[in-house]
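Input: a single structure, listed below in structure tokens.
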Protein chains: 2
Amino acid sequence: MADESGGHPGRTVGAVISPRRERTRGRLLDAAFDVFARHGVQAASIEAVCEAAGFTRGAFYSNFASKEELFLALTERQIRAQLTALEVATSDVQPAEVGTRDGIREAVRGIIASVLPDPAAAQSWSVMALEFELLALRDPQIAARYAEQQVRLRDELVGVLERLVGSIGLRFAVDPRTAVDLLLGAFETGQRTALLAGADDDRASVLIEALVDLLVTPA
Amino acid sequence: MADESGGHPGRTVGAVISPRRERTRGRLLDAAFDVFARHGVQAASIEAVCEAAGFTRGAFYSNFASKEELFLALTERQIRAQLTALEVATSDVQPAEVGTRDGIREAVRGIIASVLPDPAAAQSWSVMALEFELLALRDPQIAARYAEQQVRLRDELVGVLERLVGSIGLRFAVDPRTAVDLLLGAFETGQRTALLAGADDDRASVLIEALVDLLVTPA
DNA sequence: TGTATCCGATACAGCAATGTATCGTAGGCG
DNA sequence: CGCCTACGATACATTGCTGTATCGGATACA
């Protein structure tokens with residue numbers, strides 16, 4: 001608590017983070033993603049994460065103060081990846097291709113989907129998102145962090161989607177922020193439903209398409 | 001695994017469950033709800049649950065074989081309560097009172113809200129729902145159980161809402177099942193957002209009202 | 001009131017994970 | 001090429017939880 005220098009628990013006092021250290025942290029984060037997804041953040045032992053990463057706990061405690069801190073570093077990396085993916089997906093869409101109503105549906109779904117990257121990893125990803133929400137529901141400090149990330153992401157999405165829809169002379173039937181919340185909610189719900197039902201009937205796409213039809217109207 | 005008689009781990013072989021036993025189980029379930037909500041299912045020790053219930057672990061192992069079984073009993077109790085609450089909420093609504101568009105919004109929101117009972121316990125409830133989803137995402141057996149409960153609840157909701165909307169000469173703009181999925185998704189998302197943002201700005205209501213306006217159209 | 005049985009308490013052995021203190025070495029710098 | 005520091009490995013003490021085996025008191029029934 002008396003350490004205000006940025007949060008490294010290790011003995012590093014100087015400013016720079018060595019490349020070696022960076023690699024170690026990366027491997028620990030990768031391993032943590034797998035292990036947390038498989039066993040749950042709380043159930044996963046630090047030991048298990050280290051083993052999966054090919055280290056011993058010595059490495060861990062040299063890089064992170066606690067499992068919680070490791071998890072937060074992980075979410076930080078995730079949100080960065082999401083925002084980057086969003087940018088890429090946005091730049092991929094050519095307004096010219098979005099003329100039809102089908103085009104709009106497809107484009108919006110693509111944009112939304114871009115923030116939930118690889119479908120193969122959808123399961124792990126959903127799990128991590130849920131774990132994050134759970135921790136946040138219990139710990140106000142984590143809640144603040146979670147809220148901040150959500151706001152960043154949603155603001156970004158509001159901008160992107162409004163621009164996209166507007167560029168072809170349409171608009172949202174409701175407050176854009178509400179529209180985004182509805183879309184994201186529908187997507188997450190649909191995805192989880194599909195995952196839990198076992199069947200990959202892509203409930204998410206169904207919901208998104210229905211919603212887009214309802215939400216997007218002539219200006 | 002060789003026990004097909006219903007699942008009591010204790011020494012009870014006879015058919016009847018004594019009142020005493022029933023009370024003990026009830027207190028254990030109440031305590032489990034609190035402790036699980038506060039610390040998480042995985043992080044919570046059996047010991048902690050017993051202490052909260054005013055028992056020792058002897059009582060626990062006499063009633064449940066494992067923490068997982070306790071949790072499943074808890075969800076079973078919850079779903080029953082939800083379905084009951086839903087019936088009550090439905091019978092409370094008089095079609096005559098739903099004539100206006102505001103009336104519809106209010107009625108639908110009420111119905112939806114009835115399956116997420118006490119707002120004071122909303123936090124704990126959300127936590128438990130998330131925990132359940134997480135366990136289901138990892139364990140196919142639990143997933144099946146989860147899916148079954150969800151289907152029960154949603155089918156019920158589809159029936160109720162379709163009847164409600166139809167009774168005043170309106171209809172859903174999309175497949176009713178899709179409508180229900182969207183509504184529930186919006187509700188959960190909104191509620192969690194509000195909980196995590198700290199502010200009780202009742203985002204859920206905003207989303208629900210917007211959705212109802214979009215979903216409910218003249219027949 | 002006496003008795004049999006059910007059920008929760010107690011005691012115990014064992015384990016897995018944690019955090020720290022210390023050590024050895026790899027890698028960057030002169 | 002050799003030193004020195006950063007960094008990860010190792011060893012150790014501690015802790016809290018688990019599950020079982022056994023015991024004693026409460027409860028129901030005659």
Side-chain angles (χ1 to χ4, degrees), chain A residues 1-3 5-32 34-36 38-73, chain B residues 1-3 5-32 34-36 38-73:
Chain A
M1 296 297 175
D3 182 345
S5 73
H8 285 303
R11 301 143 224 180
T12 305
V13 185
V16 231
I17 304 137
S18 83
R20 183 191 183 191
R21 199 174 185 75
E22 199 57 44
R23 266 179 285 129
T24 303
R25 287 176 63 98
R27 279 171 59 192
L28 281 172
L29 289 175
D30 292 341
D34 282 351
V35 175
F36 286 170
R38 215 185 319 280
H39 303 293
V41 174
Q42 291 162 333
S45 68
I46 293 175
E47 178 89 48
V49 172
C50 294
E51 189 182 348
F55 290 108
T56 64
R57 278 177 308 131
F60 175 83
Y61 284 109
S62 170
N63 280 278
F64 302 95
S66 63
K67 196 164 63 175
E68 181 174 288
E69 193 177 299
L70 171 65
F71 181 75
L72 288 181
Chain B
M1 297 300 176
D3 183 347
S5 73
H8 285 303
R11 300 143 228 183
T12 304
V13 184
V16 234
I17 304 139
S18 81
R20 184 193 184 189
R21 200 173 183 76
E22 199 57 43
R23 265 179 284 130
T24 304
R25 286 177 63 98
R27 279 170 60 191
L28 280 171
L29 288 175
D30 292 342
D34 282 351
V35 175
F36 287 169
R38 216 186 318 281
H39 302 293
V41 174
Q42 291 161 331
S45 66
I46 293 174
E47 176 89 48
V49 172
C50 294
E51 188 182 348
F55 290 108
T56 65
R57 277 176 310 132
F60 174 82
Y61 283 109
S62 169
N63 279 278
F64 302 94
S66 64
K67 195 164 64 174
E68 181 174 287
E69 192 178 300
L70 170 65
F71 181 75
L72 289 181

- For A:Arg21 and D:dC7, is the shortest distance between a side-chain N/O and OP1 or OP2 below 4.0 Å? yes

- Item | Under 4.0 angstrom between A:Ser18 side-chain N/O and D:dC7 OP1 or OP2 | yes

Quick check for you: to the nearest 0.5 Å, what is the distance between [X] atom [atom1] and [Y] atom [atom2]?
X: B:Thr24; Y: B:Ile17; atom1: OG1; atom2: CD1; result: 12.0 Å
X: B:Phe71; Y: B:Gln42; atom1: CZ; atom2: CD; result: 10.0 Å
X: B:Leu29; Y: B:Arg27; atom1: CG; atom2: CZ; result: 12.0 Å

Can you check the [X] [atom1] to [N] [atom2] distance for me, whole Å?
X: A:Arg23; N: D:dA6; atom1: CZ; atom2: P; result: 17 Å
X: A:Glu51; N: D:dA9; atom1: CD; atom2: P; result: 12 Å
X: B:Glu22; N: D:dT27; atom1: CD; atom2: P; result: 17 Å
X: B:Asn63; N: C:dA9; atom1: CG; atom2: P; result: 10 Å
X: B:Phe64; N: D:dT18; atom1: CZ; atom2: P; result: 15 Å
X: A:Arg20; N: C:dT25; atom1: CZ; atom2: C1'; result: 8 Å
X: B:Leu70; N: D:dG19; atom1: CG; atom2: C1'; result: 16 Å

- Item | Overall bend - the helix from C:dT1-D:dA30 to C:dG30-D:dC1, comparing terminal axes fitted on five pairs, nearest 10 degrees | 20°

Which heavy atom in [X] sits nearest to a heavy atom in [Y], and how many Å separate them?
X: A:Phe64; Y: A:Ala73; value: CE2-CB, 4.0 Å
X: A:Phe36; Y: A:Ala44; value: CD2-CB, 3.7 Å
X: B:Glu69; Y: B:Asn63; value: OE2-O, 4.3 Å
X: A:Val41; Y: A:Lys67; value: O-NZ, 3.0 Å
X: A:Ala31; Y: A:Val49; value: CB-O, 3.6 Å

Taking distance alone, no hydrogens or angles, what donor-acceptor pairs closer than 3.5 Å link side-chain atoms of residues 52-59 of chain A to residues at least two apart or in another chain?
| unit_1 | atom_1 | unit_2 | atom_2 | d |
| --- | --- | --- | --- | --- |
| A:Thr56 | OG1 | A:Gly58 | N | 3.4 |
| A:Arg57 | NE | A:Glu47 | OE1 | 3.4 |

- Could you encode protein contacts along nucleotides 10-20 of chain C as a string, one character per nucleotide from 5' to 3', using B for base contact, S for sugar-phosphate-only contact and - for no contact, with a heavy-atom cut-off of under 4.0 Å? B-B----SBBB

